[in-house]
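Note on naming: letters A, B, ... go to the chains in the order of the sequence lines (proteins, then strands), and numbering restarts at 1 for each one. The figures here come from the full heavy-atom set of this structure, side chains too, leaving out hydrogens, waters and symmetry mates.
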There are 2 protein chains.
Amino acid sequence: MTAKEKDQQIEVTILNAARKVFVQKGYDGARMQEIADEAGINKALLHYYFRNKEKLFLAIFVEALESFIPKIGEILQDNSSLFEKIEKITEVYINMLKLNPYVPMFILHELQNHPEFFIDILQNKGGIRPMKVMEQLQKEVNEGKIRPVDFRQVFVSVISMCIFPFAAKPLLLGMLFNNDEAAWDIFLEERKKFIPQLIKESLKVK
Amino acid sequence: MTAKEKDQQIEVTILNAARKVFVQKGYDGARMQEIADEAGINKALLHYYFRNKEKLFLAIFVEALESFIPKIGEILQDNSSLFEKIEKITEVYINMLKLNPYVPMFILHELQNHPEFFIDILQNKGGIRPMKVMEQLQKEVNEGKIRPVDFRQVFVSVISMCIFPFAAKPLLLGMLFNNDEAAWDIFLEERKKFIPQLIKESLKVK
DNA sequence: CATAATTTTGACCATATGGTTAAACTAATT
DNA sequence: AATTAGTTTAACCATATGGTCAAAATTATG
(Lines give C-alpha, C1' and ligand atoms only; values in the text may rest on other atoms or scores of the structure.)
Protein backbone atom coordinates (compact mmCIF):
# COMPACT_ATOMS: atom_id res chain seq x y z
CA MET A 1 0.00 0.00 0.00
CA THR A 2 1.46 3.36 -1.03
CA ALA A 3 1.35 6.35 1.27
CA LYS A 4 -1.42 8.01 -0.64
CA GLU A 5 -3.55 4.91 -0.49
CA LYS A 6 -2.97 4.57 3.21
CA ASP A 7 -3.83 8.21 3.56
CA GLN A 8 -7.18 7.73 1.87
CA GLN A 9 -7.79 4.54 3.77
CA ILE A 10 -7.46 6.25 7.12
CA GLU A 11 -9.70 9.07 6.00
CA VAL A 12 -12.38 6.53 5.18
CA THR A 13 -11.87 4.86 8.54
CA ILE A 14 -12.30 8.19 10.27
CA LEU A 15 -15.44 8.99 8.35
CA ASN A 16 -16.93 5.62 9.19
CA ALA A 17 -16.19 6.14 12.86
CA ALA A 18 -17.52 9.69 12.77
CA ARG A 19 -20.68 8.60 10.98
CA LYS A 20 -21.36 5.97 13.58
CA VAL A 21 -20.85 8.31 16.52
CA PHE A 22 -22.50 11.44 15.11
CA VAL A 23 -25.55 9.64 13.77
CA GLN A 24 -26.10 7.81 17.01
CA LYS A 25 -25.34 10.60 19.47
CA GLY A 26 -25.85 13.80 17.53
CA TYR A 27 -23.43 16.70 17.33
CA ASP A 28 -23.71 17.67 20.99
CA GLY A 29 -23.50 14.14 22.28
CA ALA A 30 -20.58 13.10 20.08
CA ARG A 31 -17.05 13.22 21.48
CA MET A 32 -13.95 13.63 19.38
CA GLN A 33 -12.20 11.16 21.67
CA GLU A 34 -14.86 8.56 21.04
CA ILE A 35 -14.56 9.02 17.30
CA ALA A 36 -10.79 8.66 17.55
CA ASP A 37 -11.15 5.51 19.63
CA GLU A 38 -13.68 4.09 17.23
CA ALA A 39 -11.26 4.77 14.37
CA GLY A 40 -8.34 3.32 16.32
CA ILE A 41 -6.27 6.49 16.18
CA ASN A 42 -5.53 9.25 18.64
CA LYS A 43 -7.25 12.57 18.92
CA ALA A 44 -4.40 14.65 17.52
CA LEU A 45 -4.42 12.62 14.35
CA LEU A 46 -8.14 13.07 14.06
CA HIS A 47 -7.59 16.82 14.12
CA TYR A 48 -4.79 16.42 11.61
CA TYR A 49 -7.21 14.96 9.08
CA PHE A 50 -10.25 17.07 9.94
CA ARG A 51 -9.32 20.38 11.45
CA ASN A 52 -12.15 20.48 13.97
CA LYS A 53 -15.39 18.92 15.14
CA GLU A 54 -17.58 21.14 13.03
CA LYS A 55 -15.73 20.28 9.79
CA LEU A 56 -15.92 16.58 10.52
CA PHE A 57 -19.57 16.82 11.42
CA LEU A 58 -20.39 18.74 8.29
CA ALA A 59 -18.75 16.06 6.16
CA ILE A 60 -21.01 13.45 7.73
CA PHE A 61 -24.10 15.60 7.66
CA VAL A 62 -23.79 16.58 4.00
CA GLU A 63 -23.14 12.96 3.10
CA ALA A 64 -26.29 11.91 4.96
CA LEU A 65 -28.34 14.62 3.33
CA GLU A 66 -27.00 13.71 -0.11
CA SER A 67 -27.76 10.05 0.35
CA PHE A 68 -31.33 10.60 1.47
CA ILE A 69 -32.81 13.62 -0.23
CA PRO A 70 -31.77 13.42 -3.90
CA LYS A 71 -32.98 9.83 -4.20
CA ILE A 72 -36.57 11.04 -3.98
CA GLY A 73 -35.81 13.68 -6.56
CA GLU A 74 -34.58 11.08 -9.05
CA ILE A 75 -37.64 8.92 -8.66
CA LEU A 76 -40.00 11.86 -8.91
CA GLN A 77 -38.31 12.87 -12.16
CA ASP A 78 -38.20 9.51 -13.91
CA ASN A 79 -40.62 8.28 -16.52
CA SER A 80 -42.73 5.88 -14.51
CA SER A 81 -46.34 6.56 -13.69
CA LEU A 82 -47.57 8.35 -10.59
CA PHE A 83 -48.41 5.20 -8.67
CA GLU A 84 -45.25 3.45 -9.81
CA LYS A 85 -43.34 6.35 -8.31
CA ILE A 86 -45.09 6.00 -5.01
CA GLU A 87 -44.30 2.29 -5.03
CA LYS A 88 -40.67 2.99 -5.83
CA ILE A 89 -40.27 5.64 -3.16
CA THR A 90 -41.79 3.37 -0.55
CA GLU A 91 -39.67 0.40 -1.54
CA VAL A 92 -36.42 2.32 -1.87
CA TYR A 93 -36.86 4.31 1.33
CA ILE A 94 -37.93 1.47 3.57
CA ASN A 95 -35.00 -0.60 2.34
CA MET A 96 -32.64 2.30 2.90
CA LEU A 97 -34.06 2.93 6.35
CA LYS A 98 -33.72 -0.68 7.35
CA LEU A 99 -30.00 -0.25 6.74
CA ASN A 100 -29.72 3.24 8.25
CA PRO A 101 -32.57 3.62 10.68
CA TYR A 102 -31.08 6.56 12.59
CA VAL A 103 -30.12 8.76 9.67
CA PRO A 104 -33.40 10.64 9.15
CA MET A 105 -33.75 11.46 12.83
CA PHE A 106 -30.15 12.56 12.80
CA ILE A 107 -30.78 14.91 9.90
CA LEU A 108 -33.97 16.32 11.34
CA HIS A 109 -32.60 16.76 14.83
CA GLU A 110 -29.51 18.60 13.67
CA LEU A 111 -31.58 20.67 11.30
CA GLN A 112 -33.66 21.96 14.18
CA ASN A 113 -30.82 22.15 16.62
CA HIS A 114 -28.03 23.80 14.68
CA PRO A 115 -29.66 25.75 11.88
CA GLU A 116 -26.58 27.99 11.67
CA PHE A 117 -24.73 25.22 9.87
CA PHE A 118 -27.26 24.74 7.16
CA ILE A 119 -28.58 27.92 5.69
CA ASP A 120 -26.48 27.43 2.55
CA ILE A 121 -26.28 23.63 2.47
CA LEU A 122 -30.03 23.29 2.10
CA GLN A 123 -29.98 25.60 -0.88
CA ASN A 124 -27.90 23.04 -2.79
CA LYS A 125 -28.71 19.65 -1.36
CA GLY A 126 -32.22 20.11 -0.06
CA GLY A 127 -34.00 20.82 -3.31
CA ILE A 128 -36.34 18.62 -5.26
CA ARG A 129 -38.29 19.59 -8.33
CA PRO A 130 -41.80 18.23 -8.02
CA MET A 131 -43.02 19.83 -11.25
CA LYS A 132 -43.07 16.64 -13.27
CA VAL A 133 -45.06 14.59 -10.75
CA MET A 134 -47.40 17.46 -10.12
CA GLU A 135 -48.21 17.52 -13.83
CA GLN A 136 -48.67 13.77 -13.85
CA LEU A 137 -51.06 14.03 -10.95
CA GLN A 138 -52.94 16.94 -12.54
CA LYS A 139 -53.29 14.95 -15.73
CA GLU A 140 -54.82 11.99 -13.92
CA VAL A 141 -57.19 14.34 -12.14
CA ASN A 142 -58.21 15.95 -15.44
CA GLU A 143 -58.78 12.52 -16.97
CA GLY A 144 -61.07 11.71 -14.04
CA LYS A 145 -58.90 8.81 -12.89
CA ILE A 146 -58.18 10.20 -9.45
CA ARG A 147 -59.93 12.71 -7.25
CA PRO A 148 -58.60 16.28 -7.00
CA VAL A 149 -55.96 16.48 -4.34
CA ASP A 150 -53.06 18.67 -3.18
CA PHE A 151 -49.86 17.04 -4.38
CA ARG A 152 -48.01 18.23 -1.29
CA GLN A 153 -50.44 16.47 1.04
CA VAL A 154 -49.87 13.22 -0.80
CA PHE A 155 -46.13 13.63 -1.00
CA VAL A 156 -45.73 14.55 2.66
CA SER A 157 -47.96 11.64 3.61
CA VAL A 158 -45.92 9.07 1.74
CA ILE A 159 -42.64 10.33 3.16
CA SER A 160 -44.10 10.53 6.65
CA MET A 161 -45.46 7.00 6.53
CA CYS A 162 -42.09 5.66 5.38
CA ILE A 163 -39.78 7.51 7.72
CA PHE A 164 -41.66 8.11 10.94
CA PRO A 165 -42.04 4.48 12.01
CA PHE A 166 -38.26 4.18 12.16
CA ALA A 167 -38.00 7.23 14.37
CA ALA A 168 -40.75 5.96 16.64
CA LYS A 169 -39.54 2.36 16.71
CA PRO A 170 -38.53 2.44 20.40
CA LEU A 171 -42.08 3.42 21.30
CA LEU A 172 -43.97 1.36 18.74
CA LEU A 173 -42.07 -1.85 19.41
CA GLY A 174 -43.31 -1.84 22.99
CA MET A 175 -46.77 -0.47 22.28
CA LEU A 176 -47.80 -2.62 19.33
CA PHE A 177 -45.32 -5.46 18.89
CA ASN A 178 -44.55 -6.77 22.40
CA ASN A 179 -40.90 -6.01 21.66
CA ASP A 180 -40.90 -8.73 19.02
CA GLU A 181 -38.27 -7.69 16.47
CA ALA A 182 -39.31 -10.35 13.99
CA ALA A 183 -42.89 -9.06 14.01
CA TRP A 184 -41.49 -5.59 13.44
CA ASP A 185 -39.56 -6.76 10.39
CA ILE A 186 -42.65 -8.35 8.92
CA PHE A 187 -44.56 -5.16 9.61
CA LEU A 188 -41.99 -3.17 7.64
CA GLU A 189 -42.10 -5.55 4.70
CA GLU A 190 -45.88 -5.37 4.60
CA ARG A 191 -45.64 -1.62 4.84
CA LYS A 192 -43.97 -1.50 1.43
CA LYS A 193 -47.25 -2.66 -0.03
CA PHE A 194 -49.58 -1.02 2.44
CA ILE A 195 -48.49 2.57 1.79
CA PRO A 196 -48.88 2.58 -2.00
CA GLN A 197 -52.14 0.71 -1.67
CA LEU A 198 -53.48 3.20 0.87
CA ILE A 199 -52.76 6.08 -1.47
CA LYS A 200 -54.00 4.27 -4.55
CA GLU A 201 -57.30 3.11 -3.07
CA SER A 202 -57.91 6.52 -1.63
CA LEU A 203 -57.23 8.57 -4.75
CA LYS A 204 -58.66 6.28 -7.39
CA VAL A 205 -62.11 7.30 -8.58
CA LYS A 206 -64.15 4.13 -8.71
CA MET B 1 -47.35 35.53 48.74
CA THR B 2 -46.36 33.06 51.48
CA ALA B 3 -43.06 31.23 51.42
CA LYS B 4 -44.61 28.00 50.29
CA GLU B 5 -46.37 29.68 47.41
CA LYS B 6 -43.20 31.42 46.35
CA ASP B 7 -41.45 28.12 46.62
CA GLN B 8 -43.88 26.46 44.26
CA GLN B 9 -43.82 29.47 41.99
CA ILE B 10 -40.07 29.26 41.49
CA GLU B 11 -40.29 25.55 40.90
CA VAL B 12 -42.75 26.23 38.10
CA THR B 13 -40.49 28.93 36.72
CA ILE B 14 -37.59 26.50 36.70
CA LEU B 15 -39.63 23.82 34.98
CA ASN B 16 -40.75 26.28 32.32
CA ALA B 17 -37.16 27.31 31.69
CA ALA B 18 -35.95 23.72 31.67
CA ARG B 19 -38.70 22.66 29.29
CA LYS B 20 -37.78 25.39 26.86
CA VAL B 21 -34.08 24.60 26.88
CA PHE B 22 -34.28 20.79 26.98
CA VAL B 23 -36.93 20.53 24.30
CA GLN B 24 -35.06 22.85 21.99
CA LYS B 25 -31.52 21.61 22.56
CA GLY B 26 -31.90 18.08 23.88
CA TYR B 27 -30.22 16.66 26.96
CA ASP B 28 -26.69 16.89 25.61
CA GLY B 29 -27.09 20.35 24.18
CA ALA B 30 -28.79 21.82 27.24
CA ARG B 31 -26.72 23.73 29.79
CA MET B 32 -27.66 24.09 33.43
CA GLN B 33 -26.38 27.66 33.29
CA GLU B 34 -28.70 28.47 30.41
CA ILE B 35 -31.67 27.03 32.27
CA ALA B 36 -30.74 29.09 35.33
CA ASP B 37 -30.45 32.24 33.23
CA GLU B 38 -33.75 31.53 31.53
CA ALA B 39 -35.36 31.14 34.95
CA GLY B 40 -33.66 34.26 36.28
CA ILE B 41 -31.87 32.46 39.10
CA ASN B 42 -28.35 31.27 39.64
CA LYS B 43 -26.98 27.83 39.05
CA ALA B 44 -26.60 26.90 42.72
CA LEU B 45 -30.27 27.58 43.33
CA LEU B 46 -31.16 25.47 40.36
CA HIS B 47 -29.30 22.58 41.97
CA TYR B 48 -31.01 23.37 45.24
CA TYR B 49 -34.42 22.73 43.69
CA PHE B 50 -33.44 19.86 41.37
CA ARG B 51 -30.45 17.98 42.63
CA ASN B 52 -28.86 17.43 39.24
CA LYS B 53 -29.28 17.66 35.49
CA GLU B 54 -30.62 14.17 35.11
CA LYS B 55 -33.39 14.68 37.69
CA LEU B 56 -34.45 17.94 36.09
CA PHE B 57 -34.39 16.40 32.65
CA LEU B 58 -36.45 13.44 33.75
CA ALA B 59 -39.13 15.74 35.17
CA ILE B 60 -39.44 17.43 31.79
CA PHE B 61 -39.25 14.24 29.80
CA VAL B 62 -41.91 12.40 31.77
CA GLU B 63 -44.17 15.43 31.55
CA ALA B 64 -43.73 15.52 27.77
CA LEU B 65 -44.40 11.82 27.46
CA GLU B 66 -47.48 12.09 29.66
CA SER B 67 -48.89 14.97 27.68
CA PHE B 68 -48.47 13.27 24.32
CA ILE B 69 -48.94 9.55 24.65
CA PRO B 70 -51.99 9.04 26.89
CA LYS B 71 -54.09 11.42 24.82
CA ILE B 72 -54.17 8.87 22.00
CA GLY B 73 -55.09 6.20 24.48
CA GLU B 74 -58.11 8.13 25.68
CA ILE B 75 -59.41 8.72 22.19
CA LEU B 76 -58.86 5.12 21.17
CA GLN B 77 -60.86 4.00 24.21
CA ASP B 78 -63.83 6.34 23.92
CA ASN B 79 -67.19 5.48 22.43
CA SER B 80 -66.97 7.18 19.05
CA SER B 81 -66.79 5.25 15.82
CA LEU B 82 -63.59 4.19 14.13
CA PHE B 83 -63.50 7.06 11.68
CA GLU B 84 -64.55 9.57 14.29
CA LYS B 85 -61.55 8.45 16.30
CA ILE B 86 -59.23 9.02 13.39
CA GLU B 87 -60.72 12.48 12.92
CA LYS B 88 -60.28 13.23 16.61
CA ILE B 89 -56.71 12.04 16.75
CA THR B 90 -55.80 14.09 13.72
CA GLU B 91 -57.50 17.21 15.00
CA VAL B 92 -56.20 16.93 18.57
CA TYR B 93 -52.65 16.08 17.58
CA ILE B 94 -52.19 18.68 14.89
CA ASN B 95 -53.51 21.33 17.26
CA MET B 96 -51.21 20.15 20.00
CA LEU B 97 -48.26 20.04 17.63
CA LYS B 98 -48.91 23.55 16.41
CA LEU B 99 -48.43 24.66 20.02
CA ASN B 100 -45.50 22.32 20.79
CA PRO B 101 -43.86 21.52 17.49
CA TYR B 102 -40.58 20.30 18.98
CA VAL B 103 -41.91 17.96 21.63
CA PRO B 104 -42.25 14.77 19.58
CA MET B 105 -38.77 15.09 18.11
CA PHE B 106 -37.51 15.74 21.60
CA ILE B 107 -39.11 12.58 22.89
CA LEU B 108 -37.95 10.44 20.01
CA HIS B 109 -34.42 11.78 20.00
CA GLU B 110 -33.91 11.21 23.71
CA LEU B 111 -35.52 7.82 23.47
CA GLN B 112 -32.90 6.72 20.96
CA ASN B 113 -30.08 8.60 22.56
CA HIS B 114 -30.37 7.81 26.25
CA PRO B 115 -32.31 4.57 26.51
CA GLU B 116 -30.79 4.01 30.00
CA PHE B 117 -33.18 6.59 31.41
CA PHE B 118 -36.31 5.00 30.09
CA ILE B 119 -36.49 1.29 30.53
CA ASP B 120 -38.94 1.64 33.41
CA ILE B 121 -40.65 4.89 32.43
CA LEU B 122 -41.97 3.40 29.22
CA GLN B 123 -43.50 0.54 31.12
CA ASN B 124 -45.83 3.00 32.86
CA LYS B 125 -46.31 5.95 30.54
CA GLY B 126 -45.76 4.43 27.12
CA GLY B 127 -48.66 2.01 27.03
CA ILE B 128 -51.87 2.20 25.07
CA ARG B 129 -54.52 -0.46 24.87
CA PRO B 130 -55.65 -0.77 21.28
CA MET B 131 -58.02 -3.66 21.94
CA LYS B 132 -61.21 -1.65 21.67
CA VAL B 133 -60.38 -0.01 18.33
CA MET B 134 -59.10 -3.25 16.95
CA GLU B 135 -62.45 -4.82 17.71
CA GLN B 136 -64.25 -1.89 16.13
CA LEU B 137 -62.16 -2.26 13.02
CA GLN B 138 -62.65 -6.00 12.91
CA LYS B 139 -66.39 -5.53 13.21
CA GLU B 140 -66.46 -3.13 10.28
CA VAL B 141 -64.42 -5.59 8.24
CA ASN B 142 -66.79 -8.43 9.13
CA GLU B 143 -69.76 -6.31 8.15
CA GLY B 144 -68.10 -5.68 4.81
CA LYS B 145 -67.91 -1.96 5.33
CA ILE B 146 -64.14 -1.70 5.06
CA ARG B 147 -61.53 -3.91 3.47
CA PRO B 148 -59.43 -6.22 5.66
CA VAL B 149 -56.44 -4.40 6.98
CA ASP B 150 -53.82 -4.59 9.75
CA PHE B 151 -54.83 -2.18 12.49
CA ARG B 152 -51.24 -1.37 13.27
CA GLN B 153 -50.54 -0.25 9.72
CA VAL B 154 -53.45 2.16 9.89
CA PHE B 155 -52.59 3.41 13.34
CA VAL B 156 -48.92 3.98 12.58
CA SER B 157 -49.88 5.71 9.36
CA VAL B 158 -52.20 8.19 11.04
CA ILE B 159 -49.67 9.03 13.74
CA SER B 160 -46.89 9.32 11.18
CA MET B 161 -48.85 11.65 8.94
CA CYS B 162 -49.70 13.89 11.89
CA ILE B 163 -46.33 14.10 13.58
CA PHE B 164 -43.68 13.77 10.91
CA PRO B 165 -44.45 17.00 9.02
CA PHE B 166 -43.60 18.96 12.15
CA ALA B 167 -40.27 17.22 12.48
CA ALA B 168 -39.50 17.77 8.82
CA LYS B 169 -40.75 21.35 8.70
CA PRO B 170 -37.30 22.88 8.19
CA LEU B 171 -36.88 20.76 5.06
CA LEU B 172 -40.43 20.87 3.76
CA LEU B 173 -40.84 24.60 4.15
CA GLY B 174 -38.02 25.19 1.69
CA MET B 175 -38.81 22.26 -0.61
CA LEU B 176 -42.54 22.69 -1.05
CA PHE B 177 -43.62 26.03 0.39
CA ASN B 178 -41.01 28.58 -0.70
CA ASN B 179 -40.48 29.32 2.97
CA ASP B 180 -43.98 30.77 3.14
CA GLU B 181 -45.12 30.28 6.73
CA ALA B 182 -48.69 31.26 5.93
CA ALA B 183 -48.90 28.61 3.25
CA TRP B 184 -47.54 26.13 5.77
CA ASP B 185 -50.28 27.01 8.25
CA ILE B 186 -52.95 26.52 5.63
CA PHE B 187 -51.36 23.21 4.72
CA LEU B 188 -51.62 22.06 8.34
CA GLU B 189 -55.26 23.09 8.62
CA GLU B 190 -56.11 21.23 5.44
CA ARG B 191 -54.19 18.27 6.73
CA LYS B 192 -56.71 17.83 9.53
CA LYS B 193 -59.24 16.90 6.88
CA PHE B 194 -56.88 15.27 4.42
CA ILE B 195 -55.61 12.53 6.74
CA PRO B 196 -58.99 11.14 7.86
CA GLN B 197 -60.27 11.39 4.31
CA LEU B 198 -57.27 9.50 2.96
CA ILE B 199 -57.85 6.66 5.39
CA LYS B 200 -61.60 6.65 4.93
CA GLU B 201 -61.57 6.64 1.14
CA SER B 202 -58.93 3.96 1.13
CA LEU B 203 -60.58 1.58 3.56
CA LYS B 204 -64.22 2.00 2.63
CA VAL B 205 -65.57 -0.73 0.41
CA LYS B 206 -67.55 0.97 -2.30
C1' DC C 1 -37.09 40.56 69.50
C1' DA C 2 -34.07 36.53 69.34
C1' DT C 3 -33.33 32.28 67.50
C1' DA C 4 -33.86 28.68 64.30
C1' DA C 5 -34.81 27.16 59.71
C1' DT C 6 -34.84 27.94 55.01
C1' DT C 7 -33.50 30.05 50.72
C1' DT C 8 -30.17 32.50 47.80
C1' DT C 9 -25.67 33.76 46.35
C1' DG C 10 -20.72 34.13 44.84
C1' DA C 11 -16.75 31.73 44.89
C1' DC C 12 -14.86 27.56 44.07
C1' DC C 13 -13.65 22.62 42.51
C1' DA C 14 -12.91 18.54 39.65
C1' DT C 15 -13.40 16.85 35.47
C1' DA C 16 -14.35 16.61 30.58
C1' DT C 17 -13.53 18.32 26.24
C1' DG C 18 -12.01 20.54 21.88
C1' DG C 19 -7.93 21.77 20.34
C1' DT C 20 -2.55 22.63 19.99
C1' DT C 21 2.41 21.72 19.88
C1' DA C 22 6.79 19.98 19.61
C1' DA C 23 9.06 15.99 19.19
C1' DA C 24 9.36 11.20 17.28
C1' DC C 25 8.64 8.26 13.62
C1' DT C 26 8.02 6.81 8.72
C1' DA C 27 8.37 7.01 3.99
C1' DA C 28 9.61 9.22 -0.13
C1' DT C 29 13.38 11.87 -2.75
C1' DT C 30 18.05 13.09 -3.92
C1' DA D 1 23.03 7.18 3.00
C1' DA D 2 21.39 11.79 3.85
C1' DT D 3 17.81 14.99 3.50
C1' DT D 4 13.24 16.30 3.20
C1' DA D 5 8.34 15.97 3.58
C1' DG D 6 4.63 13.95 5.55
C1' DT D 7 2.41 11.28 9.48
C1' DT D 8 1.68 9.95 14.29
C1' DT D 9 2.03 10.48 19.14
C1' DA D 10 2.18 11.97 24.07
C1' DA D 11 1.90 15.71 26.73
C1' DC D 12 -0.31 19.86 27.35
C1' DC D 13 -3.56 23.99 27.40
C1' DA D 14 -7.68 26.82 27.90
C1' DT D 15 -12.17 26.71 28.60
C1' DA D 16 -16.73 24.96 29.66
C1' DT D 17 -19.50 22.53 32.61
C1' DG D 18 -21.91 19.94 36.31
C1' DG D 19 -21.79 20.28 40.79
C1' DT D 20 -20.51 21.86 45.84
C1' DC D 21 -19.95 24.82 49.93
C1' DA D 22 -19.89 28.13 53.31
C1' DA D 23 -21.52 32.41 54.17
C1' DA D 24 -25.18 35.86 53.58
C1' DA D 25 -29.95 37.05 53.25
C1' DT D 26 -34.55 36.09 54.16
C1' DT D 27 -38.38 34.07 56.39
C1' DA D 28 -40.66 31.48 59.98
C1' DT D 29 -41.05 30.37 64.98
C1' DG D 30 -40.73 30.71 70.03
Just the rounded figure in Å: distance from P of D/dT7 to CZ of A/Phe50. 13 Å
Run the salt-bridge test on B/Lys98 and B/Glu189 with the 4.0 Å N-O cut-off and return the result as yes or no. yes
Can you tell me how far P of D/dA24 sits from CG of B/Asn42, to the nearest Å? 16 Å
Whole angstrom value for the distance that separates C1' of D/dA16 from CD of B/Glu34: 14 Å
Just the rounded figure in Å: distance from P of D/dG6 to CD1 of A/Ile10. 17 Å
Salt bridge present between A/Glu201 and A/Lys204 (N-O < 4.0 angstrom): no
Protein-nucleotide distance (B/Tyr48, atom OH; D/dT26, atom P), rounded to Å: 15 Å
Check nucleotides 17-22 of chain D for protein N or O atoms closer than 3.5 Å to its own N or O atoms and list the pairs.
residue : atom : partner : partner atom : Å
D/dT17  : OP1  : B/Arg31 : NE           : 2.6
D/dG18  : OP1  : B/Ala30 : O            : 3.4
D/dG18  : OP1  : B/Arg31 : NH1          : 3.3
D/dG18  : OP1  : B/Lys53 : NZ           : 3.3
D/dG18  : OP2  : B/Met32 : N            : 3.1
D/dG18  : N7   : B/Lys43 : NZ           : 2.8
D/dG19  : OP2  : B/His47 : NE2          : 3.3
D/dG19  : OP2  : B/Lys53 : N            : 2.7
D/dG19  : N7   : B/Lys43 : NZ           : 3.0
D/dG19  : O6   : B/Lys43 : NZ           : 2.7

Between A/Lys169 and A/Glu181, does any side-chain N to carboxylate O distance fall below 4.0 Å? yes
Examine C/dT8: is either OP1 or OP2 under 4.0 Å from a nitrogen or oxygen in the side chain of B/Tyr49? Give yes or no. yes
Atom CG of A/Leu45 and atom C1' of C/dA22: how far apart are they, to the nearest Å? 16 Å
side-chain contact (heavy atoms from CB on, under 4.5 Å), paired with B/Ile89, selected from B/Ile94, B/Ile195, B/Leu76: B/Leu76
Here the distance between atom P of C/dC25 and atom CD1 of A/Ile41, to the nearest Å, is 19 Å
Distance alone, cut at 3.5 Å: any donor-acceptor contact between the side chains of B/Ser202 and B/Arg147? yes
Under 6.0 Å between the ring centres of B/Phe106 and B/Tyr102? no
